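Notes follow the structure.
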Amino acid sequence: MSLVNEVSTLSYRPDLPMIVQSDRTILLETQHPSYMEARQALHGFAELIKSPEYMHTYRITPLSLWNAAAGGMTHDQVLDTLSSYSKYGVPPTIVGEIAETMGRYGRIRLEKSGEDLVLTSRDPLILTELTSYKSIQQLLERPHENGYVIKNYARGLIKQELARLGNPVQDMAGYTEGEPCPVRLRETTTAGRPFALRPYQMEAVDAFYSGGSATGGSGVLVLPCGAGKTVIGLGALCQLQTATLILTTNTTSVRQWIAELMDKTDLDPSMIGEYTGDRKEVKPVTVATYQILTHRPSSEDEFPHMKLFSERDWGLIIYDEVHLLPAPVFRVTSGIQATRRLGLTATLVREDGREEDVFTLIGPKKYEVPWKAMEEQGWIAEAHCREIRLPFEPKWREAYARATARQKFRIAAENPRKLEVVRYLLERHPQDQVLIIGQYVDQLDQMAEALQLPLITGKVPESERQQLYEQFKQGKIKRLIVSKVANFAVDLPDANVAIQISGTFGSRQEEAQRLGRILRPKAEENKAHFYTLVTRDTREQEFSLHRQLFLVEQGYPYDIIEMETLV
DNA sequence: TAGACAGGAA
DNA sequence: TGAAATCCTGTCTA
């Protein structure tokens, strides 16, 4: 470390792409020849927070460092990466902070001692310091030769509280095995096609399980859309052979999990249960929605369906789309820390900032497949992202200027000139399957009317949706306009071009999901196009930048095109 | 007993 | 920052 220190203060290397600042942010030049390489290296322990055209800003946070540490990265590796790309070396204060922060991961542990759960540390002083907090004290039962025995219900609470105090706990107390459930992956699907986990899917399952019952067995796997999250869940289930509760976002997804369980495992259908508004089955493998868990007759009542967590001796709980996990489910999860937990997601970021709860209550990031790596291996299509900026007509510019902050975003989003650009793009892609995606139903209505194209919103009955999906899938329809239904519909057919005419305020995961819609590998030319239409110099442009962060972090550059250069 | 629909929730 | 979609439950109809 002292070596890094010396080098960093002595040298100036103008040929390198990065500046590490003492506020733990990093500036990265995007035009630099080693930009891609540096981006990839940074991705392991820093978070992208701004991505204007020439200079990206990353930030190193405690959470990003702990996730890196949980993945086996050392602070020397982090510092090596930083110093090997940094023009001015690494400020000495940062060197110290990174070592200190990463050192905190694993410094405090929970261990099992007979029936007791013991909070312990190699460093008795730190234990004394932390247990002097009232909030911690009230969770302790009594002293122990290695530390403190905690109250039996406090396993989750104490981890949350200590993480809040900046000290993540490494939970080594192990898990209950759960009710056994013999199950294996099949080698051929019901349709007779050979089936096996792809290499990265196997690695993901191993990463989740590795370390056995103490360290392994809880955590989050981060996989792009189309990477086969469900299949990886099945892999974990077959690895553990235990009663499993699978939680997901909506009923379509519940049915899809069940279909996959039937198709790709040797479980008898009588062993698989659906727990939704329609049915309340509790079987060795049960699939439920988050919504039924959080439903309550009135806001003063208890959550009657939360008892599902204790209705069977679950050995594994799978949280699908863990970035959407609702707050009450976090609370219950805090109380069931002895059960193995697997989180699946395409984006670890939550727009509500509860990443820390995911880290402490579900577990650290265990494995991540970068989108670009999937693209290189041909598992997903190669995508081109373009932002097209267009002007207002004077009349609209005026309305925008007069509008309140609230209305501004919507006025910019509904800029009628977007229609011209959509027309132009449709002409450019005569043979492609195109999805036009938007946020406001009024705007979509007008667009559908003007272009004479079919439109799907939440109002369209399920049967009609299925029909349109089917025609689109067969190529009988080549264009489809969709509202936010596109975010939820698992059964939305694949396209190879998406035109986003408006999006929500700045949701990174929505952007990722929409790009995911067009990333299924294509038979002929394995290429996909993602266009996003934005009114120039408005709030819409700001929010668009925020939405793009996640994809830029994954290595998708956005080409900026001015509308005037198109027509 | 199933399906349609309204109303509330997050 | 706001709009839209979804889900769950209860009630009504056939």
Side-chain angles (χ1 to χ4, degrees), chain A residues 246-257 274-281 287-308 320-321 323-332 350-354 357 400 403-415 435-448 455-466 468-469 480-492 500-511 513-514 517 538-547:
Chain A
I246 300 165
L247 304 176
T248 187
T249 49
N250 55 39
T251 45
T252 324
S253 170
V254 168
R255 312 257 152 85
Q256 204 171 45
W257 272 94
E274 171 182 328
Y275 197 98
T276 61
D278 288 354
R279 294 152 163 233
K280 304 278 186 293
E281 302 160 343
V287 193
T289 58
Y290 288 125
Q291 233 155 349
I292 196 151
L293 292 173
T294 54
H295 181 83
R296 45 185 173 170
S298 92
S299 53
E300 284 106 62
D301 284 311
E302 306 266 292
F303 296 96
H305 294 293
M306 287 290 187
K307 67 179 191 314
L308 181 58
D320 194 14
E321 314 283 3
H323 59 279
L324 298 173
L325 203 142
V329 178
F330 272 123
R331 282 200 286 280
V332 177
R350 293 179 61 103
E351 306 299 344
D352 64 358
R354 298 194 67 160
D357 282 328
Y400 180 84
T404 62
R406 263 190 215 165
Q407 299 164 321
K408 277 187 159 57
F409 181 78
R410 181 156 188 171
I411 294 175
E414 294 193 316
N415 186 350
L435 285 177
I436 299 166
I437 311 175
Q439 145 98 340
Y440 302 107
V441 172
D442 291 350
Q443 181 189 26
L444 294 169
D445 270 332
Q446 286 163 20
M447 191 83 50
L455 164 68
I456 299 182
T457 68
K459 282 198 216 67
V460 176
E462 196 61 39
S463 59
E464 205 172 314
R465 289 187 208 184
Q466 292 306 331
L468 285 168
Y469 289 161
L480 202 55
I481 305 184
V482 288
S483 69
K484 265 179 91 162
V485 285
N487 293 8
F488 304 92
V490 194
D491 45 357
L492 185 71
Q500 178 171 247
I501 57 171
S502 52
T504 38
F505 284 93
S507 167
R508 288 166 282 181
Q509 55 113 8
E510 182 179 89
E511 193 93 336
Q513 211 163 13
R514 288 178 171 179
R517 285 279 172 227
T538 63
R539 314 210 62 207
E540 191 185 26
Q541 194 176 316
E542 278 168 49
F543 286 116
S544 171
L545 278 176
H546 187 253
R547 282 205 303 267

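Values below: every heavy atom of this structure, side chains too, minus hydrogens, waters and symmetry copies. Worth saying up front: this structure is predicted, and the values here are computed from it rather than measured.
As a whole-Å value, the separation of A/Glu414 CD from C/dG2 P is 15 Å. Look at CZ on A/Phe409: it is 13 Å from C1' on C/dA4, rounded to the nearest Å. Remark: C1' of C/dC7 and CG of A/Asn487 are 16 Å apart, rounded to the nearest angstrom. A/Gln439 has its CD atom 9 Å from the P atom of C/dA5, to the nearest Å. One can place NE2 of A/His295 at 9 Å from C1' of B/dG8, the figure rounded to the nearest angstrom. In this structure, A/Asp278 places its CG atom 15 Å from P of C/dT6, rounding to the nearest Å. When the P atom of C/dA5 is taken as reference, atom CG of A/Asn250 falls 14 Å away, rounded to whole Å. The interatomic distance linking A/Leu455 (CG) with C/dA5 (C1') rounds to 14 Å, in whole Å.
Which of C/dA3, C/dT9, C/dA5 sits closest to the side chain of A/Tyr440 comes down to C/dA3.
Under the side-chain hydrogen bond (donor to acceptor under 3.5 Å, both in side chains) rule, A/Ser502 has a single partner from A/Glu414, A/Arg410, A/Gln443, which is A/Gln443. The side-chain hydrogen bond (donor to acceptor under 3.5 Å, both in side chains) test with A/Tyr275 singles out one residue from A/Glu281, A/His305, A/Lys280, and that residue is A/His305.
Contact between the side-chain N/O atoms of A/Arg296 and the OP1/OP2 oxygens of C/dC8 is not found at any separation under 4.0 Å. Between C/dA5 and A/Ser483, a contact under 4.0 Å exists linking OP1 or OP2 to a side-chain N or O. Contact annotation: A/Arg539 does not reach the phosphate of C/dG2 (side-chain N/O to OP1 or OP2, under 4.0 Å). Contact annotation: A/His305 side-chain N/O to C/dT9 OP1/OP2 distance is under 4.0 Å. Considering only side-chain N and O atoms, A/Thr457 lies nowhere under 4.0 angstrom from the phosphate OP1 or OP2 of C/dA4. Contact check, A/Thr251 against C/dC7: a side-chain N or O comes under 4.0 Å of OP1 or OP2. Look at A/Lys484 and you won't find any side-chain N or O under 4.0 angstrom from OP1 or OP2 of C/dG2. Applying the 4.0 Å criterion to OP1 and OP2 of C/dG2, one finds that A/Arg406 has a side-chain N or O inside that range.
Both A/Phe505 and A/Ile456 lie close to DNA chain C; mapped to their nearest nucleotides by heavy-atom distance, the more 5′-ward contact belongs to A/Phe505.
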Run the numbers on A/Thr504 and A/Glu510 for side chain to side chain donor-acceptor pair (under 3.5 Å), then give the verdict. CA-CA 8 Å; A/Thr504 38; A/Glu510 182 179 89; 2.8 Å; yes
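With 3.5 Å as the limit, one finds a donor-acceptor pair spanning the side chains of A/Glu511 and A/Gln500. Side-chain polar atoms of A/Gln466 and A/Ser463 form no donor-acceptor pair below 3.5 angstrom.
Across all strands, A/Arg465 comes closer than 4.0 Å only to sugar-phosphate atoms, never to a base (heavy-atom distances). A/Ser298 comes within 4.0 angstrom of no nucleic acid atom, judged by non-hydrogen atoms across all strands.
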